[in-house]
Amino acid sequence: MARKRTRTGQRAVCERFVEECDVLGLFEYIRAQRVPLPPDVSLGGLGRCIRSKARKDLNGLSEDIFGAILGLGLNLLLRCQMYIGKRLEEADQCAGATSPLIPGDLIEQYWIDRAERIARFCAEMAALRARVHHLNGIDDERGDPNTSRRRPCLVPAMEDGASEAGSSAGAPRKRRKCAGAT
């Protein structure tokens, strides 16, 4: 009976995340559960949440996805670097007056190669995220100016007339700050 209540509670929490289109919140909740969720709750709910977030805010979804990918990659990179640092520290302590060697397990078990691949992956994902962010910005600028995310800042900043074109000297401080934001 308690197990059924737990699953009902898990299902309710997952449904709340789906309704809010909180992809990262749902992903984190699923990952943090100590007991496995039923597949229809975890995978089905996650899929519905992703599709609904994509319909409502595709740019936000891409930010969420890149955040999750980069977070995982940086976590793995940090763990590799900590292990490599620990092994190098141990080698330094054993070297005495001689120059310390690189521990063999770092090379034989591919720890250095692994750290390099993860660092390269993180750099590629960061570059891809920047390109997607740039393209999303271009798409916003091409779209309907009434629905563009930048419209609320740019239009009021330019509505004071042509006398201020090219100069922010006469613009109120708030408008200058908003017009310069990206």
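Just so it is clear, the structure is predicted and the values come from calculations on it, not from any experiment. This chain uses plain numbering: 1 for the first residue, then up along the sequence.
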K.L.:
Roughly how far, to the nearest 0.5 Å, is CD of Gln81 from CH2 of Trp111?
P.N.:
12.0 Å
K.L.:
Quick check on the hydrophobic clustering: are Leu24 and Val18 connected, directly or via other members, by side-chain heavy-atom contacts under 4.5 Å?
P.N.:
no
K.L.:
Can you tell if the side chain of Arg48 reaches within under 4.5 Å of the side chain of Glu15, non-hydrogen atoms only?
P.N.:
yes
K.L.:
Please report the closest heavy-atom contact between Asp64 and Val23, naming both atoms and the distance.
P.N.:
OD2-CB, 4.3 Å
K.L.:
Measure the spacing between SG of Cys21 and CD1 of Ile50 and express it to the nearest 0.5 Å.
P.N.:
11.0 Å
K.L.:
If I take atom OG from residue Ser62 and atom NE2 from residue His133, how far apart are they, to the nearest 0.5 angstrom?
P.N.:
9.0 Å
K.L.:
Measure across Phe17 and Cys49 and return the closest heavy-atom pair with its distance rounded to 0.1 Å.
P.N.:
O-SG, 3.8 Å
K.L.:
To the nearest 0.5 angstrom, please state how far the CG atom of Leu101 sits from the CD1 atom of Ile107.
P.N.:
9.5 Å
K.L.:
Under 4.5 Å between side-chain heavy atoms, counting indirect links through other Ile/Leu/Val/Met/Phe/Trp/Tyr residues: same cluster for Val132 and Leu61 or not?
P.N.:
yes
K.L.:
For atom CZ of Arg16, decide whether the heavy atoms of other residues, nucleotides or ligands shown that lie under 6.0 angstrom number more than 12.
P.N.:
yes
K.L.:
Any ion pair linking Arg87 and Glu90 (charged N to carboxylate O, less than 4.0 Å)?
P.N.:
yes
K.L.:
Nearest 0.5 Å, please: how far is CD in Glu20 from NZ in Lys53?
P.N.:
10.5 Å
K.L.:
Give a yes or no on whether a salt bridge exists between Arg31 and Glu28, defined as a side-chain N under 4.0 angstrom from a carboxylate O.
P.N.:
yes
K.L.:
Donor-acceptor pairs under 3.5 Å, side chain of residues 113-127 to any protein atom, not counting sequence neighbours: which ones?
P.N.:
residue : atom : partner : partner atom : Å
Arg114  : NH2  : Gln109  : O            : 3.1
Glu116  : OE2  : Arg120  : NH2          : 2.7

K.L.:
Could you see if Ile65 belongs to whatever hydrophobic cluster contains Leu76? Use Ile, Leu, Val, Met, Phe, Trp, Tyr and a side-chain cutoff under 4.5 Å.
P.N.:
no
K.L.:
When hydrophobic residues are tied together by side-chain contacts of less than 4.5 Å, even through go-betweens, does Tyr110 share a cluster with Ile84?
P.N.:
no
K.L.:
Do the side-chain N and O atoms of Tyr83 and Asp105 include a donor-acceptor pair separated by under 3.5 angstrom?
P.N.:
yes
K.L.:
Any heavy-atom pair between the side chains of Asn59 and Glu63 that's under 4.5 Å?
P.N.:
no
K.L.:
Does atom CG of Leu78 have more than 12 heavy-atom neighbours from other groups under 6.0 Å away?
P.N.:
yes
K.L.:
Can you get from Leu74 to Phe66 by hopping between Ile, Leu, Val, Met, Phe, Trp and Tyr side chains that sit under 4.5 Å apart?
P.N.:
no
K.L.:
Let me see the working for Lys56 and Arg51 under side chain to side chain contact (heavy atoms under 4.5 Å, CB included), right down to the final yes or no.
P.N.:
CA-CA 9 Å; Lys56 290 180 181 178; Arg51 286 189 299 276; over 6 Å; no
